[in-house]
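Shown next, in structure tokens, is the structure this report addresses.
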Amino acid sequence: FHRLAQCAPAPVGHRCPAMKPTLAAAITATCVVEPALAAGVLRQGGPGSLLARTTRFLFGGGSGGLTHYGDTACACIGFDRIPGETVVVFEEESNGTENASGELSLVARRTRAGPPSGLTSSVQVSYPADLGAHCEPWDIDRHPKCTGDRDSQPDWCNEPWCYVDPCKCNLPVLPTISDYVPEARYHGTPLFFSYATCGGKNSYSEVVPQIGNRKCKCIGLDNVPGSVKVNLELAGGKKKTISFPGDFGSTCKAWDEPVHPSCTTADAPRWCFQRWCFVDPCECDIDEFPKVTTYLPDAKYQGKSLYYSYETCGSKDFFEDKKACTKQENEEDCRKHRLKNGSNKCAWTGEKCLGWELVEHPLCVGKVKKSAAA
């Protein structure tokens, strides 16, 4: 039982220390368990076993079914099974602005005094008081877009989700800030929700990951006004200076598609449409190593060269850069490449060529294994 359960004396779960598989010990704390694992316990121990009875006692069963409190790496938060209601107001903007799908945009917020002034219309929806405290498709038959004909409803209506602590959510898909209860706070931060912790798919929010994989997050400042000048070396040795937005590379986005000369033609290469961002090579723990950018060769991040990654944004790297460290097939060619200030751009591991920081920088120790030949 100890292997399957996770104690949650506070809204965020903690491992049960030295918990014994007895009913007396089990009922001293409130715990969460994966429904599939709980079902397995019931099958293995038999319906009459002490372990099965304990599981049903803590997690429900029978006609009510099992309550799912999320992945143990990203537990649901909040008070479950409390009476009352949470009123969410879906507001239609006063200017009648339509979104990309042609529907009037709806903004959700919690209210005590009814709809605010200056709006043409609004819809108040009553959700349970324990909204988001456990995994459930909370929006079905409640959200204005999730009522009526099931076949015409968005996919997210049927997906389970719950509120989570973003600081204690170790899942590949990052949680998203909630717009249902914007005034609410948990440990001083706005409420975040997650479909992933409940095994659901987030088709409600913008495409994720927006700031990269949790093991290799994007760096930089988002929504910065202004522009960044980039000197490009095009085919045939031609050079051209172009302007990217001021927050260039700070989030996962297909930054090249609207700007790069190669991406403005009818036969634009596929790398134009791939999302990428700048990352810290020493804080990147994903399969594909990040690469030193040629866009801003003199730029630094905490004293290190500027690196980028497609993989952290869930994209494929089709970008063709013959000067990239990873394109150098032997040690001699690898060591030839230097930055404008004369320092090394690349380093040889004994087997392959990577960005110098990945191999030699003190903060990146352990990121790459160097062979004895290096």
Side-chain angles (χ1 to χ4, degrees), residues 100 166-167 169-179 189-190 192-194 196 202 205-232 240-264 268-319 321 324-326 339 345 355-358 361 363-364 367:
C167 298
C169 193
N170 296 314
L171 296 179
V173 180
L174 297 174
T176 306
I177 193 168
S178 173
D179 56 4
T189 63
F192 282 71
F193 69 93
S194 173
N202 185 2
S205 305
E206 194 172 344
V207 178
V208 292
Q210 184 65 17
I211 58 171
N213 186 298
R214 68 179 180 86
K215 293 183 178 181
C216 186
K217 293 181 180 180
C218 302
I219 58 176
L221 302 177
D222 192 17
N223 296 322
V224 175
S227 62
V228 176
K229 301 293 183 183
V230 173
N231 296 316
L232 298 178
K240 185 174 182 178
T241 299
I242 60 175
S243 295
F244 281 92
D247 57 353
F248 175 49
S250 62
T251 59
C252 289
K253 187 176 179 180
W255 293 99
D256 298 289
E257 189 268 327
V259 179
H260 197 289
S262 299
C263 302
T264 57
R270 52 184 174 176
W271 55 262
C272 292
F273 310 99
Q274 301 297 310
R275 302 192 310 153
W276 62 270
C277 70
F278 293 126
V279 298
D280 182 346
C282 299
E283 295 294 332
C284 224
D285 189 18
I286 54 179
D287 293 336
E288 289 290 331
F289 290 110
K291 300 176 179 66
V292 180
T293 182
T294 56
Y295 281 0
L296 300 168
D298 298 323
K300 299 290 182 181
Y301 176 74
Q302 296 181 352
K304 301 184 288 287
S305 294
L306 200 54
Y307 284 67
Y308 68 91
S309 172
Y310 283 90
E311 189 190 17
T312 193
C313 296
S315 300
K316 294 289 186 180
D317 184 0
F318 300 114
F319 187 66
D321 178 13
C325 297
T326 53
L339 301 174
K345 174 184 176 181
W356 182 86
E357 284 83 0
L358 281 168
H361 198 285
L363 295 179
C364 292
K367 290 294 180 183

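Computed from heavy atoms alone, side chains included, the values below leave out hydrogens, waters and symmetry copies.
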message: Any heavy-atom pair between the side chains of Lys217 and Val279 that's under 4.5 Å?
response: no
Those residues that, when tested against Ala254, pass side chain to side chain contact (heavy atoms under 4.5 Å, CB included) (two or more places apart): Glu257
message: Run the side-chain contact (heavy atoms from CB on, under 4.5 Å) test on Leu296 and Val228 for me, step by step, so that the C-alpha distance in whole Å, both residues' side-chain angles and the decisive distance to 0.1 Å come before the verdict.
response: CA-CA 9 Å; Leu296 300 168; Val228 176; 4.0 Å; yes
query: Checking Ser227 side chain against Pro245 main chain: does a donor-acceptor pair fall under 3.5 Å?
result: no
field: Side-chain donor/acceptor of Asp247 to backbone N/O of Asn223, under 3.5 Å
entry: yes
- prompt: Are any non-hydrogen side-chain atoms of Ile211 and Thr312 less than 4.5 angstrom apart?
  reply: no
message: Just checking Lys367: does its NZ atom have more than 12 heavy atoms from other residues, nucleotides or ligands closer to it than 6.0 angstrom?
response: yes
query: Between Cys218 and Gly212, what is the shortest heavy-atom contact and its length?
result: SG-N, 3.7 Å
field: Heavy-atom side-chain proximity of Thr251 to Cys277 below 4.5 angstrom
entry: no
field: Worked check of side chain to side chain donor-acceptor pair (under 3.5 Å) between Trp276 and Asp256
entry: CA-CA 9 Å; Trp276 62 270; Asp256 298 289; 3.0 Å; yes
task: Nearest 0.5 Å please: distance from the OH atom of Tyr307 over to the SG atom of Cys216.
output: 12.0 Å
query: Do the side chains of Arg214 and Val173 get nearer than 4.5 Å, heavy atoms only?
result: no
message: Phe273 vs Trp271, test: ring-ring contact (aromatic ring centres under 6.0 Å, His included). Steps then yes/no.
response: CA-CA 5 Å; Phe273 310 99; Trp271 55 262; 8.9 Å; no
query: Rounded to the nearest 0.5 Å, what separation is found between the CZ atom of Phe289 and the SG atom of Cys364?
result: 10.5 Å
Tyr295-Phe244 aromatic ring centre distance below 6.0 Å: yes
query: Can you tell me how far CG of Asn213 sits from CG of Leu171, rounded to the nearest 0.5 angstrom?
result: 11.0 Å
Atom pair CD/CZ of Gln274 and Phe319 - distance to nearest 0.5 Å: 12.5 Å
- prompt: Looking at CG of Leu358 and SG of Cys282, how far apart are the two atoms once the value is rounded to the nearest 0.5 Å?
  reply: 7.0 Å
message: Is it the case that the side chain of Ser315 and the backbone of Arg275 share a donor-acceptor pair, with hydrogens and angles ignored and the cut-off at 3.5 Å?
response: yes
query: Taking the side chain as C-beta and beyond, is there a heavy-atom pair between Asp317 and Glu288 under 4.5 Å?
result: no
message: Run Phe318 and Tyr310 through ring-ring contact (aromatic ring centres under 6.0 Å, His included) and show every step you take.
response: CA-CA 9 Å; Phe318 300 114; Tyr310 283 90; 8.1 Å; no
query: How would you list, by chain and number, every residue that makes a side-chain hydrogen bond (donor to acceptor under 3.5 Å, both in side chains) with Lys229, sequence neighbours excluded?
result: Ser243
query: Can you check whether Ile286 reaches Ser309 side chain to side chain, under 4.5 Å on heavy atoms?
result: yes
query: Would Thr293 and Phe278 count as a side-chain contact (heavy atoms from CB on, under 4.5 Å) if you check the C-alpha gap in whole Å, the side-chain angles of each, and the deciding distance to 0.1 Å?
result: CA-CA 9 Å; Thr293 182; Phe278 293 126; 4.0 Å; yes
- prompt: Rounded to the nearest 0.5 Å, what separation is found between the CZ atom of Phe192 and the OG1 atom of Thr176?
  reply: 8.0 Å
query: Ile177 versus Phe193: any side-chain heavy-atom pair under 4.5 Å?
result: no
query: Which atoms form the tightest heavy-atom contact between Ser194 and Ala196, and what is the distance?
result: OG-N, 3.2 Å
- prompt: Can you find a pair of side-chain heavy atoms, one from Lys345 and one from Ser305, that are under 4.5 Å apart?
  reply: no
message: Suppose the criterion is salt bridge (charged side-chain N to carboxylate O under 4.0 Å, His left out): which pairs have a residue in residues 295-313, not counting sequence neighbours?
response: Asp280-Lys304
